[in-house]
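All chains are named by letter (A, B, ...) in the order of the sequence lines, taking the proteins before the strands, and each is independently numbered beginning at 1.
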Amino acid sequence: MTKVKILYFAWVREQIGLTEEQVELPAEIETVANLIDWLAGRSDTHALAFADRSKIRCAIDQSIVAQDASIGVAKEIAFFPPVTGG
Amino acid sequence: MTKVKILYFAWVREQIGLTEEQVELPAEIETVANLIDWLAGRSDTHALAFADRSKIRCAIDQSIVAQDASIGVAKEIAFFPPVTGG
Amino acid sequence: MKYVSLQQADFDPGAEQAKLEALSPGAVSSFTGLVRGDDGISAMTLEHYPGMTEAALNALADEALSRWPLKGVVLIHRIGRMTVGERIVQVTIASDHRAAALEACAFLIDRLKTNAPFWKQEEWSDGKCRWVEAKCSDDAAAERWDQAAK
Amino acid sequence: MKYVSLQQADFDPGAEQAKLEALSPGAVSSFTGLVRGDDGISAMTLEHYPGMTEAALNALADEALSRWPLKGVVLIHRIGRMTVGERIVQVTIASDHRAAALEACAFLIDRLKTNAPFWKQEEWSDGKCRWVEAKCSDDAAAERWDQAAK
């Protein structure tokens, strides 16, 4: 079990109803996709937020990664919609 | 014979030593190239200014034209180097 | 010279221009993005990822400085709530070269849309809110700089 | 909104920016060209073709307005003698569209170099003077807009 801080932004944050949560990751969770599956099972609002994964972006320790990326020794993992700055 | 105002700019003006001159064009002068030949014969400084015709640009009545352009009923013809604004 | 700022407060494009003119460049280019009142929008709120955003803005400014011969780069992005007509983002570039100044300015604006963790929420006068969706055209505009680098 | 000016006096880029921001656009882009002190140059004198220059500047501004969806175009070009560090030319564009603002600004700067009857003479502190020669790269930069129109 590894302790990881999960952050949520924009409508992902609103749907889940949390800005962040501390989780204990089971060892079998290797990729971002595994983590999304696991998080989606935590509550109905998590399930709703992660329903359409094509709209979910992820950053591990503040670097954007694809959903097949390995989590490794991440300390902070963030989920959010595609960015719209500028 | 047609009366035409000839204008000179930048180093063309400096070499000829005139900002403008009024000339009476002989009827056989049809194109800008003919006019350059004729002007080059007016003085040594005219000949010097028009020595390298690849460096001469022309505007007839304030529109840039090529050296094979017909003079037509032009009232104002200007000679100058390639432009360097901006 | 590099100046990157993430801030709630408004900024003054003329003051940034003056700073970069003081570097004695041949060219200063700039871009200012403002909140538009399209479809009756009354305000816009910009959320961001603290820490990552500052790093992303600095990385973009550094990339511009490494790709073009620039004398100065200013990159200011506001966060929080802004009403229609307010400024959101400012890019100002100083270079001795006209093309470098224009290209670096376009590069930063295109990449800001896709490479920095900002999310915009539009707000109407009746209190309705809507998250702005990312546009494919923004990805295309940002990607042309990848092509250009090859 | 179109503002075209050929003038001896200096101008204020910040004031032009403010005028265009007042049109409630989504984007304002700008470019300022300044006299550089390359090779020890101390000043620059801009000669022009009175009458034709004003017409050429207006035609360029009109072309930008017809090619892009713009809310405002400012085009200011100075004439006469300017010392190192002084402003020569200003283009400021307002549009609701980021790409239109950036492209129209680059278009006007590129075309100004090749389509308006200005001639620059550089001056050194020892009194030596030299007419600036036109560059092939300027023609290429201006011509890309002909290609883009096809």
Notebook entry, point to check: Picking from D:Leu46, D:Leu108, D:Ile88, D:Leu112, which has the most non-hydrogen pairs under 4.5 angstrom with chain B?
Noted result: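 Max contact count across the listed options: D:Leu112.
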Next item on the list: For D:Ala100, enumerate each residue passing the side-chain contact (heavy atoms from CB on, under 4.5 Å) test, keeping only those at least two apart in sequence or located in another chain.
Entry: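 side-chain contact (heavy atoms from CB on, under 4.5 Å) check on D:Ala100 returns D:Trp68, D:Pro69, D:Leu70, D:Ser95, D:His97.
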Note to self: Quick check on B:Leu7 against chain D: is it the side chain, the backbone, both or neither that has a heavy atom closer than 4.5 Å?
What the structure shows: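 B:Leu7 touches chain D through side-chain heavy atoms alone.
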Check: Considering only heavy atoms, which portion of D:Ile109 lies under 4.5 Å from any heavy atom of chain B: side chain, backbone, both, or neither?
Finding: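 When you check distances to chain B, no heavy atom of D:Ile109 falls under 4.5 Å.
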All donor-acceptor atom pairs under 3.5 Å, backbone and side chain, chain D-chain B:
unit_1: D:Glu47; atom_1: OE1; unit_2: B:Arg13; atom_2: NE; d: 3.4
unit_1: D:Glu47; atom_1: OE1; unit_2: B:Arg13; atom_2: NH2; d: 2.5
unit_1: D:Glu47; atom_1: OE2; unit_2: B:Ala10; atom_2: N; d: 2.9
unit_1: D:Glu47; atom_1: OE2; unit_2: B:Arg13; atom_2: NE; d: 3.0
unit_1: D:Tyr49; atom_1: OH; unit_2: B:Glu76; atom_2: OE2; d: 2.5
unit_1: D:Met52; atom_1: N; unit_2: B:Gln62; atom_2: OE1; d: 3.1
unit_1: D:His77; atom_1: NE2; unit_2: B:Gly86; atom_2: N; d: 3.0
unit_1: D:Phe118; atom_1: O; unit_2: B:Thr84; atom_2: N; d: 2.8
unit_1: D:Trp119; atom_1: NE1; unit_2: B:Pro81; atom_2: O; d: 2.8
unit_1: D:Lys120; atom_1: N; unit_2: B:Thr84; atom_2: OG1; d: 3.0
unit_1: D:Lys120; atom_1: NZ; unit_2: B:Gly86; atom_2: O; d: 2.9
unit_1: D:Gln121; atom_1: NE2; unit_2: B:Glu14; atom_2: OE2; d: 3.4
unit_1: D:Trp131; atom_1: NE1; unit_2: B:Glu14; atom_2: OE1; d: 2.8

Check: So how far is it from D:Met52 CE to B:Phe9 CZ, rounded to the nearest 0.5 Å?
Finding: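 Reported value, rounded in 0.5 Å steps: 9.0 Å.
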Next item on the list: Please report the shortest heavy-atom distance between D:Ala116 and B:Val83, naming the atom on each side.
Entry: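 Closest approach of D:Ala116 to B:Val83, heavy atoms only: O-CB, 3.3 Å.
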